Structure formats: C-alpha cells, structure tokens
Enquirer: 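The following block contains the structure, expressed as structure tokens.
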Amino acid sequence: MIILGIETSCDETALALIETREISGHEGKRLEYRIIQSLVHSQAELHSAYGGVFPTLAKREHSKNLVPLLDKILKDLPVSNKKHDSFSETLESIKKQYAEQNGDLIESLTHAHFLENIPQIDKIAVTEGPGLEPALWVGITFARILGELWNIPVIPVNHMEGHVVGSLLTNDKPYGAWQQLKELPLPAVALLISGGHTELIKIEENFKYSLLGQTRDDAVGEAFDKVARLLGLPYPGGPYISKLAHEAWEQKIISPIKLPRPMINSKDLNFSFSGLKTAVLYAVQEAQKNNTFDENFKKGLAHEFEQSVTEVLEFKLSQAIEDIGAQAVIIGGGVSANHVLRERFTKIGEKYDIPVLLPSPQVSGDNALMIALVVAMNNENQNNLLITAKEIRANGTKKITE
Ligand code: KG4
Ligand code: ZN
C-alpha cells in the first residue's frame, strides 16, 4: 500500500510517500515500510521576524508550497499509465468549489498539468489537528482536491498520534529500502513534548490512548521559545537555548539564579511551565538593572532553565512508568531533539530496564512521514470508516484520546 502524507499544522509544509506491507511470521503479522520520499519545507525563518508563528503567513506559505512539493515528490513514484479522462472539467469544478476558501492554493493549481497522471497512491493521510486552524485547512483542502481528482480515499490524522508513531520509525536504512518498525512493548508511556503540547499518555493494546497528565499552561517547547526570546535569541528558540546551555556546561559557568522546578512535588502527572518562564523574566530584568546581563549570564541561565525542565520531565516520566507498570517509553514532539533530554530519558530506561524509543533526528520535528504511518498502522480500522473527505474539518484542539 502506498500512502501520501500531508502535514501543514504549523510552520512546516511537509509531504511524504511511504509504502507498507504486512509480513506474516511466527509472532503474527508485522508491518514493514519503505520511505519513497519525505520533504519538509520549513517557514521558520519567515516567522522568526514575528517571534512566533504568524497564522495568516503560514496559511499563505502552505498554499504556495504544496503544489511544487507534490510535483517534486511524485517524480519518485513509478509513473502509472492511468490518465484522468475528464481532467480539465474536474479541475475547473474543483477550482470553483474551493476558490473562495483558498484563492492562493487554487491559483497554484493553474499550471499543475502533472496532476493529470493518476499516481499509484492508495490513500491520502492528512493532519486534521491539533494545530493552527488556518494552516490545517490548507492541507485538508489540498487533500480533498487530490482525493476528488484522483478518486483516492482521504483519512484524517491526529498530529500528536503522528509524533507517537513517528518514533517507531527506525530510519537507519536509505530511502527505498524495506525496514521494520521498532517494537513497542505495552502498556507504554508516551511523553509528548512539542511547541503546543506537553502530555503523558498511556498506550494500551491496539494503540488505545488515555491521558495521564498534561500541562496546565505553557507547553515545554513554548517555554523554550519564550525564554529564548527573553534572552534575545531567534525563533524557534529551543535549539539556541540548548546550544547556550551546552556552552555553559563546557565552560563550567554556574547560574547565580536558581530557578524553580514547577510542580515537581505535586504528586500528580501534570505540568506547569508558565511560572518558570516568569522566573526567567524576573531574573533577566534584575540582571539588566544591575548591568550583569551579559553572555555568561545568558549561558548560565539557559543551562539552569534546561536543567529545571529536564528534572521536572524526568521526575514525572518516572512516576508515570511506576504508576502504570510501563513496559516501554516512547517520546515524541519537536523538543525531543534536545540532546540533554534524550540522554536523560535513555538513562531512565536503563534504570527501569525498559526500552525508551526516541524519534530519529529526521522525524523529531514536524514531518509528513509520521502522518502517513498513522494511516498505515490503522489500515484495518479505516476500511470501515464512514467519513468522507468532505466531512474532514480542521480541529485546532483535537485530543489524541478522542
Ligand atoms: O513538534 P514541533 O516541531 O512542532 C509542534 O508541533 O509544536 O515542536 C517545535 C518545538 C519548538 O518549540 C522548538 O523550540 C522545540 O520544539 N525544539 C527544541 C529543540 N529543537 C526544537 N526544544 C529544546 N531543545 C531542542 N534542541
Ligand atoms: Zn508537532
């Protein structure tokens, strides 16, 4: 089965083609996959000027980028000899239907003659949420158009489930080679840490999800980004904070400020990072007043902030493992690119003697491979799905447990 994944929930326009097959062995069926291609076009630099993602700009950029990306990615698929019989008429009717909703996207279809060749794709997977609704709608509209034009089913996917299953991709072989997914013994704890989410989830048989805890205010990634801004660093700030923190460690710089470890003693599995950000704000204001807001101060504070986040996440993750008797941990979301966190999560696995599955660097951020994989893994359930492409709606606050 060949699946086209489409992801436009935030500031990355991403498309991927993945082929999957089921292999029967003595332990039952196993899913194998090969990546045909995965493309991610980041808008981060454009949004950087605004200090965060600017939804209207994201919508416009996704609308401009999807068609050229699709043209590029389809070149990696064997050409099918199927041509659309009434291509021009269908395209015209589609343009009329969606022109009002998204003029930029419709405009970009004008010279897209390559769409006339029907590719060998069995399903289209598209992110329906959570994320920025104007951005999500672009991907959904695009998926609907392709589904209608090529007569292919469109399946909605939860972005956060994408981050969970994305960590099952081994990605240790080149594109085109068949690979196996990592094994995930269940029950497992998933820790999702991204720009919009901080959640601990229990995963049971058949990938049934239930919420164990979540942030009450800011997400971890959001806290990294806000603290980065306070320190005068560009958006998205996570990697910059991480770099400064590493320099502090190398140069043995100790922060004169001790930051709180929010909710570490709360006895539940919830988080709160907004107070931590405020503590950083006060520390910065105080240093500015005293003329001590220099490079070393920033490095020390970045390190102390990263330590605080790490200790809180470590503590709550360990508690979740013990609470549910987890057989494994799976980490997902953009913040999982952080090296200190990756090291500490791995140590937790060693302590409890359970595997800790981390996303490979190419899928730690937003991508469409993980979106396509969700559809591949749920194949059997979807065949009975009654939802049609037209019923798919952007849902900015979609929960993984719904
Ligand atoms: O999952 P993601 O790519 O997008 C969302 O769905 O939000 O996550 C983006 C977040 C941003 O807040 C970014 O600053 C953070 O992940 N991030 C990091 C690192 N790399 C990205 N945070 C800490 N350390 C990093 N190395
Ligand atoms: Zn994400």
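Quick caveat, the model's predicted, so the values are computed rather than measured. In listed order, ligands and their atoms are each counted from 1.
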Enquirer: Going by the atom numbers of ligand 1, which of them fall below 4.0 Å from some non-hydrogen atom of G196?
Expert: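 Here the atoms of ligand 1 in question are 7 (O).
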Enquirer: Taking L15 as the fixed residue, which of L74, L69, N65 is the one that meets the side chain to side chain contact (heavy atoms under 4.5 Å, CB included) rule?
Expert: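 Running side chain to side chain contact (heavy atoms under 4.5 Å, CB included) over L74, L69, N65 with L15 returns exactly one hit, L69.
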Enquirer: Is there an N/O/S atom in H197 that lies less than 2.8 Å from the Zn ion (ligand 2)?
Expert: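 Checking the Zn ion (ligand 2) against H197, no N, O or S atom falls under 2.8 Å.
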Enquirer: Which atoms from ligand 1 have a heavy atom of G365 less than 4.0 Å away?
Expert: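 Numbered from 1, ligand 1 contributes 3 (O).
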Enquirer: What's the shortest distance from atom 4 (O) of ligand 1 to any protein heavy atom, and which residue and atom give it?
Expert: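 Protein heavy atom at minimum distance: D366 OD2, 3.2 Å.
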Enquirer: With rounding to 10 degrees, what does the angle H163:NE2 / the Zn ion (ligand 2) / H159:NE2 come to?
Expert: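 Value returned, to the nearest 10°, is 90°.
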Enquirer: Could you say whether the N/O atoms of G333 and ligand 1 ever approach to under 3.5 Å?
Expert: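 No.
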Enquirer: With a cutoff of 4.0 Å, is P239 in contact with ligand 1, counting heavy atoms of the residue only?
Expert: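 In this structure, P239 qualifies as a contact of ligand 1 - some heavy atom is under 4.0 Å.
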Enquirer: Does any N or O atom in H159 lie less than 3.5 angstrom from one in ligand 1, N or O only?
Expert: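 Checking ligand 1 against H159, an N or O pair does fall under 3.5 Å apart.
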Enquirer: Could you check whether any heavy atom of E306 sits closer than 4.0 Å to an atom of ligand 1, since that is the contact criterion I want to use?
Expert: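 E306: no contact with ligand 1 (<4.0 Å).
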Enquirer: Which residue in the set R144, R393, K398, K399 passes salt bridge (charged side-chain N to carboxylate O under 4.0 Å, His left out) when paired with E128?
Expert: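 In the set R144, R393, K398, K399, the residue that makes a salt bridge (charged side-chain N to carboxylate O under 4.0 Å, His left out) with E128 is K398.
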Enquirer: Is H339 touching ligand 1 with its side chain, its backbone, both, or neither, if touching means heavy atoms under 4.0 Å apart?
Expert: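 Within the 4.0 Å criterion, H339 makes no contact with ligand 1.
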Enquirer: Per the ring-ring contact (aromatic ring centres under 6.0 Å, His included) rule, which among Y235, Y240, F305 passes with F224?
Expert: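 Answer to the ring-ring contact (aromatic ring centres under 6.0 Å, His included) test with F224 among Y235, Y240, F305: F305.
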Enquirer: Against heavy atoms of D225, which atoms of ligand 1 measure under 4.0 Å?
Expert: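 Heavy-atom distances to D225 below 4.0 Å select 11 (C), 12 (O), 13 (C), 14 (O).
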Enquirer: Hey, does the Lys NZ or Arg CZ of K298 hover above the aromatic six-ring of F293, less than 6.0 Å from the centre and inside 45° of the axis?
Expert: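 Yes.
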Enquirer: Looking at every non-hydrogen atom in both residues, tell me the closest pair between Q179 and P174 and how far apart they are.
Expert: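 Distance-wise, the nearest heavy atoms are NE2-O, 4.3 Å.
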Enquirer: Counting heavy atoms only, which of G195, S242, P130, G238 comes nearest to atom 7 (O) of ligand 1?
Expert: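 The nearest heavy atom belongs to G195.
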Enquirer: When the ring planes of F273 and F271 are compared, do they come out parallel, tilted or perpendicular, using 30° and 60° as the limits?
Expert: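 It falls in the parallel class, under 30°.
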Enquirer: Decide, yes or no, whether a salt bridge links D268 with R216 under the criterion of side-chain N to carboxylate O below 4.0 Å.
Expert: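 Result for this pair is yes, salt bridge flagged.
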Enquirer: For atom 8 (O) of ligand 1, what's the nearest protein heavy-atom neighbour? Residue, atom name and distance, please.
Expert: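 The closest one turns out to be G334 CA, 3.3 Å.
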Enquirer: For atom 24 (N) of ligand 1, what is the nearest protein heavy atom, given as residue, atom name and distance?
Expert: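 Checking every protein heavy atom, the shortest distance to atom 24 (N) of ligand 1 gives N338 ND2, 3.1 Å.
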Enquirer: If I apply the N/O under 3.5 Å rule, does G221 come out as touching ligand 1?
Expert: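 Yes; the residue has a nitrogen or oxygen that sits under 3.5 Å from a nitrogen or oxygen of the ligand.
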Enquirer: Run the salt-bridge test on K202 and E204 with the 4.0 Å N-O cut-off and return the result as yes or no.
Expert: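 Looking at E204 together with K202, the answer is yes, because their closest N to O distance falls below 4.0 Å.
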Enquirer: From the N, O or S atoms in D366, identify the one nearest to the Zn ion (ligand 2).
Expert: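 This residue's closest N, O or S atom turns out to be OD1.
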Enquirer: Do L184 and I330 pass the side-chain contact (heavy atoms from CB on, under 4.5 Å) test, and can you show the C-alpha distance, the side-chain angles, and the key distance before you say yes or no?
Expert: CA-CA 8 Å; L184 181 70; I330 187 161; 4.1 Å; yes
Enquirer: Return the closest protein heavy atom for atom 15 (C) of ligand 1 as residue, atom name and distance.
Expert: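 Protein heavy atom at minimum distance: V335 CG2, 3.9 Å.
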Enquirer: Under a 3.5 Å cutoff, is there a donor and acceptor pairing between the side chains of N117 and K82?
Expert: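 Judged by distance alone, the side chains do not pair up.
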Enquirer: Consider every N or O of F224 and every N or O of ligand 1, then say whether any pair is closer than 3.5 Å.
Expert: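 No, since none of the N or O atoms of F224 sits under 3.5 Å from an N or O of ligand 1.
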Enquirer: Look at the aromatic rings of F207 and Y209 and report parallel, tilted or perpendicular, splitting at 30° and 60°.
Expert: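 Rings of F207 and Y209: perpendicular, as their planes differ by over 60°.
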